[in-house]
Amino acid sequence: MSHRKSGRKKEHSYKSKAIELARDKLKEEQEKSQRERTPFLGLQIIPKATYYDESAGHVPGESNWKKWGFDLHPQVALIAGGLVIAFIVLTLTFHSGAEDFFGKVLRGIGENFGWLYILAANFFVVVMVFLATSKYGGIKIGGPDSVPEFSTFSWYAMLISAGMGIGLMFWGVAEPINHYIDPSPMFGVEANSPEAAQSALGVTYFHWGIHPWGIYSLVGLSLAFFAYNRGLPLTIRSVFYPLLKDRIYGFWGNLIDILSVLATLFGLATSLGLGVKQVASGLNYLFGIPNTTEYAVLFIAIITAFATLSVVAGLDKGVRLLSNINLYVAGLFMLFLILVGPTVYIMKAFTQNIGFYLEKLPQISFWVETYYGAEGSNWQNFWTIFYWGWWISWSPFVGMFIARVSKGRTVREFIAGVMILPTLLSFLWMSALGGSALNLQTLGMADIASAVKENVSTALFVMLESLPLSTITSMIGIILVVIFFVTSSDSGSLVVDHLTSGGKLDSPVPQRIFWAVMEGVCAAALLLGGGLTALQSASVATGLPFTIILLVMVYSLYQGLQQEYYHATIIKKIDPDVENFEVPFKESEKEVEKKKKEKKEK
């Protein structure tokens, strides 16, 4: 006689029922934590050690200078601010020679220290993969009982907006076309050929792939761990506690935070400068507004004002809201390009170039233009070295911002979340924009290459002109650049403000406004003092000393995770989990038959 299974309800064991209840309870606690927490105005956290407190009684901002609406760490804020102001004054004073100077800086660092950037970036990626797959991957940021403060969607939205931002818009069309007409010497392919088209997207994937996100992951994880698991302020100096101990509150700690402020400001200035060049080019292309440096500076002032309003509104009402809007608009923009553009070509390029990227990754990751005669090749300085310097100079800002919103994630979840999804989204974005541009260029339907040679910031708009609804999509493109500008600027302002206030929970509004304005002024000074070359050299120059800091950071993070794992293991041995036994509510028919058979055999 056969038995019907369709109407039979699956019985649960005590163990599975307990697990189900525990999961429901965890989800409820997470939702409650996100719903009832106090809104954030700054990057404030209340550090809480999980196993032992390393703050040694120190309080964030304990030695701050408080006057005229400011609450500043005197050494960090005054020295960093003074150096930035001196740079701005010198750049504007020696305007005529600034462009030549910045060009020499970019070439000099690339030729003498490019190998260091290449080795360091690879090392950071390897370390992150090791930590994610090791026994330390199960350590939770904030301790075993911590829960995420932001939903997964908001978390991804904020880290993507902060991590790449304007660069995706500026280089999405321009970089693949650049590599198509001037291929990397490593590949040995002919310009404007099918092989050049494949290598163009492959190199673009390399520059926007796991390497930048590996750098961000290192800094973000280090900051989050020492703040949430060691009770230290959310500042770069705190990461070096295992090595410096209480000296993080003295000269060495101040020096680390000063370098962090400078790297963050100039890394942001590079992005803001690129963004405003693209806005100016788009408005010129659509409405004939003059595309001059003076107008670009005016646009910086206007957009910085919007960023300042977002900073004043805080992390919840300003930054998080704009990040979510940004992700929706950017996603719709990319989807539109995929649907109305050469859809099949885009998806084929996306698929094929992932394979090309994985195949060439070991070789291209360590390529440093060694064997090109006495004169050498200068291709890499303006591309890979610039990008690695840019990502490293951005890392204090992006890392601190990601750390702030990542409580409750495990080390493995954090690294996988930061490195995998954003990388794949960057690949798809570059395929949608760059793939469309390459398809139009190779079929002779648009001359995007000439536009890139003449003015690289017009590349996106020239490409959109060959697609339906070009005026609307160009306006959306400009709006996206502006939103990326604002989210980068306001997030960066909160980070710089946090670093210069000794890790204070929340700083005064005038102080936040000051740093937001300083970012805009830096970007304007770089544009006036040398344009794109100045922007590139600023990132590379500030990224160089910070590379050394990141290399030391790896060892310090490893020490901290090792201690955390040791203490967690000891506690588990002292208080082991109760052994779980599966006791079914009712034996299944199969088990009953099995027991009858065993009884018969006996």
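Please read these numbers as outputs of a predicted model, since none were measured by experiment. Worth knowing before you read on, the calculation uses all heavy atoms, side chains too, and leaves out hydrogens, waters and symmetry mates. Start at 1 with the first residue, then count along the sequence.
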With rounding to the nearest 0.5 Å, note down the distance linking [atom1] in [X] to [atom2] in [Y].
X: Thr133; Y: Arg412; atom1: OG1; atom2: CZ; result: 7.5 Å
X: Ile354; Y: Leu424; atom1: CD1; atom2: CG; result: 6.0 Å
X: Leu116; Y: Ile109; atom1: CG; atom2: CD1; result: 11.0 Å
X: Ile346; Y: Asn439; atom1: CD1; atom2: CG; result: 8.0 Å
X: Asp182; Y: Asn192; atom1: CG; atom2: CG; result: 10.0 Å
X: Leu433; Y: Ile177; atom1: CG; atom2: CD1; result: 11.0 Å

Under 3.5 Å side-chain donor-acceptor pair for [X] and [Y]:
X: Ser450; Y: Asp447; value: yes
X: Tyr205; Y: Ser431; value: yes
X: Glu175; Y: Tyr387; value: yes

Under 3.5 Å, side chain of [X] to main-chain N/O of [Y], donor-acceptor pair present?
X: Ser474; Y: Thr471; answer: no
X: Asn284; Y: Ala280; answer: no
X: Asn122; Y: Ile118; answer: yes
X: Asn112; Y: Gly108; answer: yes
X: Tyr180; Y: Ala197; answer: no
X: Asn353; Y: Ala349; answer: yes
X: Gln441; Y: Ala449; answer: yes
X: Glu519; Y: Leu268; answer: no
X: Gln380; Y: Trp367; answer: yes
X: Gln278; Y: Met169; answer: yes

Original post:
After noting the C-alpha distance and the side-chain angles of Thr264 and Thr542, does the key distance pass the side-chain contact (heavy atoms from CB on, under 4.5 Å) rule?
Top reply: CA-CA 9 Å; Thr264 301; Thr542 52; over 6 Å; no
Evaluate the side-chain proximity of [Y] to [X]: yes if any heavy-atom separation is below 4.5 Å, no if none is.
X: Leu467; Y: Thr473; answer: no
X: Ser436; Y: Pro342; answer: yes
X: Val125; Y: Ile215; answer: no
X: Val129; Y: Ile210; answer: no
X: Ile338; Y: Met334; answer: yes
X: Ile88; Y: Val521; answer: yes
X: Leu544; Y: Tyr117; answer: yes
X: Ile402; Y: Leu221; answer: no

Can you tell me how the ring of [X] sits relative to the ring of [Y], calling it parallel under 30°, perpendicular over 60° and tilted otherwise?
X: Trp388; Y: His207; result: perpendicular
X: Phe299; Y: Tyr295; result: tilted
X: Trp155; Y: Phe414; result: tilted

Quick one: closest heavy-atom pair of [X] and [Y], and the distance?
X: Ser260; Y: Leu499; result: CB-CD1, 3.9 Å
X: Val189; Y: Pro183; result: CG2-CB, 3.7 Å
X: Gly399; Y: Val219; result: CA-CG1, 4.0 Å
X: Val462; Y: Ala451; result: CG2-CB, 3.6 Å
X: Ile392; Y: Ser395; result: O-OG, 2.6 Å
X: Gly417; Y: Pro422; result: O-CD, 3.1 Å

Original post:
In a check of ring pair (Phe, Tyr, Trp, His ring centres under 6.0 Å) between Trp208 and each of Tyr357, Trp213, Trp391, which one passes?
Top reply: Trp391
Original post:
Any chance the rings of Trp429 and Trp171 have centres within less than 6.0 Å?
Top reply: no
Original post:
What's the verdict on ring pair (Phe, Tyr, Trp, His ring centres under 6.0 Å) for Phe170 and Trp390, showing C-alpha distance, side-chain angles and the deciding distance?
Top reply: CA-CA 14 Å; Phe170 189 88; Trp390 191 13; 8.7 Å; no
Original post:
Please walk me through it: do Ser365 and Phe206 pass side-chain contact (heavy atoms from CB on, under 4.5 Å)?
Top reply: CA-CA 8 Å; Ser365 295; Phe206 171 58; 3.7 Å; yes
Subject >> Heavy atoms from other residues, nucleotides or ligands near CZ of Phe113 exceed 12 (cutoff 6.0 Å) >> reply: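 No, the 6.0 Å shell around CZ holds no more than 12 heavy atoms from other groups.
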Original post:
Hey, mind stepping through Phe356 and Phe187 against ring pair (Phe, Tyr, Trp, His ring centres under 6.0 Å) and telling me if it holds?
Top reply: CA-CA 12 Å; Phe356 183 82; Phe187 297 106; 5.7 Å; yes
**OP:** Test Met128 against Ser217 for side-chain contact (heavy atoms from CB on, under 4.5 Å), laying out the working first.
**Re:** CA-CA 7 Å; Met128 288 298 100; Ser217 184; 3.4 Å; yes
Subject >> Derivation and outcome, side-chain contact (heavy atoms from CB on, under 4.5 Å), residues Ser222 and Leu218 >> reply: CA-CA 6 Å; Ser222 301; Leu218 167 65; 3.9 Å; yes
